[in-house]
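The figures that follow rest on heavy atoms only: side chains count, while hydrogens, waters and symmetry mates do not. The shown structure was predicted, so the numbers you read here are calculated from the model rather than taken from an experiment.
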Amino acid sequence: MLTVYAIETSEIYGHGRRAVIWFSGCTLCCKGCINNYLWEKSAGKEYTVDELTEMIVKLGDISGVTLIGGEPLQQGKELLLFVKKITKHKLDIVLFTGYELKELNEWQKQVANLSAVVICGRYIADLRDTNLFLRGSSNQRIIVYDKKLREYYSQECRQVEIEITEEADKFLGFPEDFVKEL
C-alpha cells in the first residue's frame with residue numbers, strides 16, 4: 001500500500017503539466033520543513049499500486065508524475081512497482097527526496113534511476129534560499145538524468161502557482177514569501 005495525502009495537477013513541480021503526488025510519512029523530520037503535516041503516515045489514505053496508477057492515468061493530459069511528500073522513498077517497495085507501471089504509460093518521474101543518493105538502498109536506487117529528475121538532500125533551515133528553483137536550501141541538488149531536460153532544470157527562479165476558484169484561492173509551490181509581497 002502507498003500512503004497518499006493528496007494528488008493534484010501542477011505546472012511548477014517539474015517540467016510540463018504534471019500529476020503531483022504528496023505522500024505522507026517521513027522520519028527525516030527536517031527542522032523548518034514546510035510540509036511537517038506530512039510527517040505522520042496517518043495524514044494520508046492508503047492506495048494499492050493499481051488504484052494509484054489508474055487514478056494518475058485517468059488524469060489524461062499530463063507529461064509526468066512528481067513524487068513529493070513527506071518522504072516518497074519511505075513508502076516501501078510498492079513505490080518502485082508504481083514507478084515501473086507509470087513509466088510504462090510513457091509518463092516520466094520527478095522525485096523529491098530528503099535522502100542523498102549514497103544513502104539509498106537497492107530498490108530506492110532503482111526508483112531514482114527510473115526518474116527523469118531527482119531533487120535530493122535534506123532541507124537545512126540555516127541554508128534556506130527562496131531564490132532556488134525547486135529547492136528550499138542551498139545544499140539540495142537537482143540531478144537531471146534526461147538530457148533533453150537539462151536546460152529547463154538549469155534555471156534559478158522562484159515559482160508560485162495560484163489557482164483562483166469560487167471556493168477559495170489555492171497556492172502551490174513555496175509561496176510564503178511571495179504571498180507576503182502581494
Are [X] and [Y] side-chain neighbours, meaning at least one heavy-atom pair lies under 4.5 Å?
X	Y	value
Ile119	Thr97	no
Thr9	Arg18	no
Arg141	Glu100	yes

Q) Does Lys109 come within less than 4.0 Å of Glu103, counting only side-chain N to carboxylate O? A) no
Could you pull out all residues at least two apart from [X] that satisfy side chain to side chain contact (heavy atoms under 4.5 Å, CB included)?
X	value
Glu54	Lys58
Asn139	Ile124, Leu127, Ser137
Arg150	Val144, Lys147
Leu81	Val49

Q.
Listing request: all salt bridge (charged side-chain N to carboxylate O under 4.0 Å, His left out) pairs with a residue in residues 66-89, at least two apart in sequence or in separate chains.
A. Asp50-Lys85
Q: Sequence neighbours left out, what pairs pass salt bridge (charged side-chain N to carboxylate O under 4.0 Å, His left out) with at least one residue falling in residues 23-36?
A: none
(Q) Measuring centre to centre across the rings, with the benzene-like ring taken for any Trp, is Phe23 within less than 6.0 Å of Tyr47? (A) no
Q: Determine the sole option in Ile93, Val118, Asp92, Leu114 for which the side chain to side chain contact (heavy atoms under 4.5 Å, CB included) test with Tyr145 is passed.
A: Val118
Q) How close do Arg135 and Gln140 get, heavy atom to heavy atom, and via which atoms? A) CD-O, 3.3 Å
